[in-house]
Amino acid sequence: MTWWERAYLPEILRGLGITTGIFLRNMAKWVTGRRGAVTTYYPEEKRADFAPRNRGKHILTQRPDGSPQCIACNMCATVCPAKVIEIEAGFDANDPQHPKYPVRFEIDYSRCVFCGLCIEACPEDAIRMEQDVPSLVAGDRWAMWLTMDEMLTWNPKQDVAKPYPPKPARPAPGEGAPGGRGPSTH
Amino acid sequence: MEFFIDGVPMQAEDGQTVIQAARANGVDIPHFCWHPELSVPGNCRICMVEVEQEKGDPWFDIACNMPVTEGMRVLLHSEKIVRLRKQTMQFITLNHPVDCGICNKSGECTLQDFHYAHNGQASLSRDAKTHATKFFPLSDRIMLDNERCIMCTLCVRFTNEVSQSKALCAVNRGDHALIRPAEDANFDNDQYSDNVIDLCPVGALLSRQLLDHARVWYLQPTRSVCPGCERGCSIDIWHRKPEWALRALDPRLNTRIDRVTPHENPEVNGLWVCNKARDLAALFERPRATQATLGGAATDLATATASAARLIAAARHPVALVSSWGSNEELAAFATALAPHVQPFVKADHLPLPGEVVEDHLLIKPDKNPNRRAALALFPALPGTLAEAITPQTDLVLVWGEGFDGSAVPAGARVIRLDAYADPVQAQADVFIPVSIQTERSGHYTNFAGVVSPFTACFAPAAGIAHAEELFRAIGLALAPAVAGALTGPAA
Ligand code: SF4
Ligand code: SF4
Ligand code: SF4
Ligand code: SF4
Ligand code: FES
């Protein structure tokens with residue numbers, strides 16, 4: 001150390017100078033409405049720089065009529081390595097196109113590892129993961145279950161990746177579906 | 001006689017078909033419409049095999065309907081047969097909806113398995129699939145999905161040949177063929193109707209109880225015995241695997257009986273069970289008794305056991321009504337620990353319900369208790385009139401199990417009750433102890449013909465519920481010094 005550094009006080013003043021300079025610079029930007037230091041006001045604000053394929057919060061996609069696209073097949077729950085997806089299925093014989101639907105669909109975020117396997121397994125493109133990371137702050141572990149209504153609050157109109165086609169008309173009895181269902185993929 | 005499958009020499013008996021002989025030698029030939037206990041219609045063609053000839057071209061025939069001949073050389077994996085099977089699978093799935101994601105059979109579906117094993121290719125058809133009725137109510141218990149049906153006619157043959165209700169038939173031809181109830185029969189009256197659900201190789205016949213609620217890979221079978229009648233059919237009770245235990249959803253789903261299927265047992269029930277076994281969930285999942293009581297006031301198990309022992313020791317003319325639903329082990333424990341101190345009689349816990357089929361040509365037997373034979377081997381039966389068993393001198397009645405309302409107990413006599421299900425009369429008993437049910441303990445039942453079948457515990461009993469076998473031993477231990485010591489009351 002030089003004697004100047006050992007004198008201590010001048011270095012303190014220099015440090016204060018740097019801090020004040022940065023503070024004033026940010027303050028000036030903030031006052032004029034520009035963005036200053038890279039600070040995110042979490043949790044009110046979410047980071048804007050997530051990678052486009054970041055695996056964040058789960059969402060359930062919907063059919064045009066707003067019903068969940070999920071057919072309660074349990075493929076996601078079966079493949080999930082952490083076994084954190086629980087689905088209660090309902091059955092409606094009066095809707096032969098979609099007789100099975102989820103009544104409850106819950107994910108335990110205290111144990112989910114965000115591997116995305118559930119999204120890969122879904123045969124219906126019914127479950128996806130948003131870019132945004134979920135807020136994982138909760139008072140107890142039971143509050144960390146992500147419920148179906150939360151997964152369904154996502155607005156499908158903003159999803160460019162999913163074209164929501166109009167719901168196909170149900171064929172009248174005795175008449176084949178227009179164009180048929182097409183050859184099966186199996 | 002000797003024959004060959006893919007060049008491997010095998011032994012067959014006279015009159016066996018190729019499929020039977022192959023199975024006897026541990027070789028499985030794919031099949032949909034063949035069933036070991038039903039007639040052979042030969043309509044699915046998936047079992048086609050090639051037979052090599054000494055000279056001349058090989059020929060092809062269905063293994064389920066072709067008798068084995070001396071020296072026959074069968075090929076299962078020749079190039080032609082592999083192609084043939086692939087084309088047969090293409091044909092069978094031509095109009096199949098392949099909605100495996102929501103199909104109840106998925107995980108146990110032969111069509112799905114064979115598709116992966118023998119076809120594995122997308123449909124080559126460019127035509128629209130033929131649509132059919134999606135959910136046709138076949139009976140109060142069974143729903144039919146005509147689109148998934150592959151017209152193997154196993155269900156029709158079952159009702160014609162085994163249950164003999166002749167309740168199902170096939171109407172129309174080709175890809176318009178449908179399974180339908182026969183005009184003059186009612187499938188609701190078929191006591192064996194649920195067997196067609198297991199029999200159906202695809203998810204066309206659906207149990208309305210189980211409909212789309214559980215996926216089969218979440219379930220595990222536990223070997224058990226149906227307590228519905230004295231036949232004591234071997235069954236598998238399916239319940240959720242512990243590693244798939246639910247946390248967020250209703251925890252009762254973890255200890256629920258999801259379905260019951262027959263457990264093959266040639267000595268007792270063969271491959272079938274009646275619908276009563278399928279409804280065991282309703283029988284076992286009735287409201288349970290969970291709290292030991294003394295004169296209606298809650299107490300703990302140890303106190304109740306000690307009080308019961310004290311009452312027995314103090315009684316001069318004690319009578320015990322033994323449950324005919326107790327396992328062999330429980331009955332033996334009762335015989336060694338309690339029978340020396342009380343006068344035991346075997347009672348019927350359950351009588352036939354109004355309208356219930358009492359006896360038939362196949363399995364159902366008149367006595368609706370699973371273990372009366374074993375109980376009667378140890379203790380006398382309850383006489384025709386209760387008054388002969390419970391006389392005015394009787395000062396203690398021990399009732400084990402259901403089926404006794406208590407009105408015959410003389411005034412002033414003490415009552416000890418052991419039961420698994422909640423019943424208001426329990427509050428009137430001097431001592432009441434809740435006991436475990438069949439799905440919570442392991443043991444054996446002896447059926448009407450003397451065949452002993454085991455059952456295994458599926459679930460753990462709730463705290464405060466005793467196993468009757470341990471209870472009898474505990475009471476017996478408490479009693480032995482009590483009687484020897486001339487009622488000094490050591491259990492107090
Ligand atoms: S992201 Fe992975 S751990 Fe999380 S729910 Fe999906 S499959 Fe399970
Ligand atoms: S895999 Fe898709 S369709 Fe199936 S239960 Fe999960 S979210 Fe629903
Ligand atoms: S019957 Fe089999 S192949 Fe057909 S939908 Fe059901 S599981 Fe899939
Ligand atoms: S309903 Fe099932 S058992 Fe009956 S013919 Fe169709 S596929 Fe076969
Ligand atoms: S099993 Fe032989 S034709 Fe169906």
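In what follows, chains are A, B, ... by sequence order, proteins preceding strands, each numbered from 1. All values reported here derive from a predicted model rather than from experimental measurement.
Applying the side-chain hydrogen bond (donor to acceptor under 3.5 Å, both in side chains) definition to pairs two or more places apart or across chains, those involving residues 13-24 of chain A are A:E11-A:R14.
No part of A:R141 comes within reach of chain B, as not one of its non-hydrogen atoms sits under 4.5 angstrom from that chain. Residue A:T147 does not touch chain B at all, counting heavy-atom pairs closer than 4.5 Å.
Heavy atoms from other residues, nucleotides or ligands lying under 6.0 Å from CD of B:E183 number 12 at most. Environment of CD in B:E243: crowded, with over 12 heavy atoms of neighbouring residues, nucleotides or ligands closer than 6.0 Å. Within 6.0 Å of NZ in B:K241 there are more than 12 heavy atoms belonging to other residues, nucleotides or ligands.
Inspection of non-hydrogen atoms places A:K83, A:E86, A:I87, A:E88, A:A89 of residues 81-90 of chain A under 4.5 Å from chain B.
Between the CH2 atom in A:W145 and the CG atom in B:L249 there is a gap of 7.5 Å [rounded to 0.5 Å]. The CE atom of A:M75 lies 5.0 Å from the OG atom of B:S106; values are rounded to the nearest 0.5 Å.
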Step-by-step side-chain contact (heavy atoms from CB on, under 4.5 Å) determination, B:R215 to A:T78: CA-CA 10 Å; B:R215 313 261 30 197; A:T78 302; over 6 Å; no

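Under the side-chain contact (heavy atoms from CB on, under 4.5 Å) criterion, B:Q191 pairs with B:V357, B:I364, sequence neighbours left out. For A:R25, there are no salt bridge (Lys or Arg N to Asp or Glu O under 4.0 Å) partners at least two apart in sequence or on another chain.
Residues A:A93 and B:M143 approach most closely at CB-CE, 4.1 Å, considering heavy atoms. Across all their heavy atoms, A:A77 and B:Y218 have their closest contact at CB-OH, 3.4 Å. For the residue pair B:G101 and A:C73, the shortest heavy atom distance occurs at O-CB, 2.9 Å.
A:K100 pairs in a side-chain contact (heavy atoms from CB on, under 4.5 Å) with only one of the listed residues (B:L211, B:I102, B:N104), which is B:I102.
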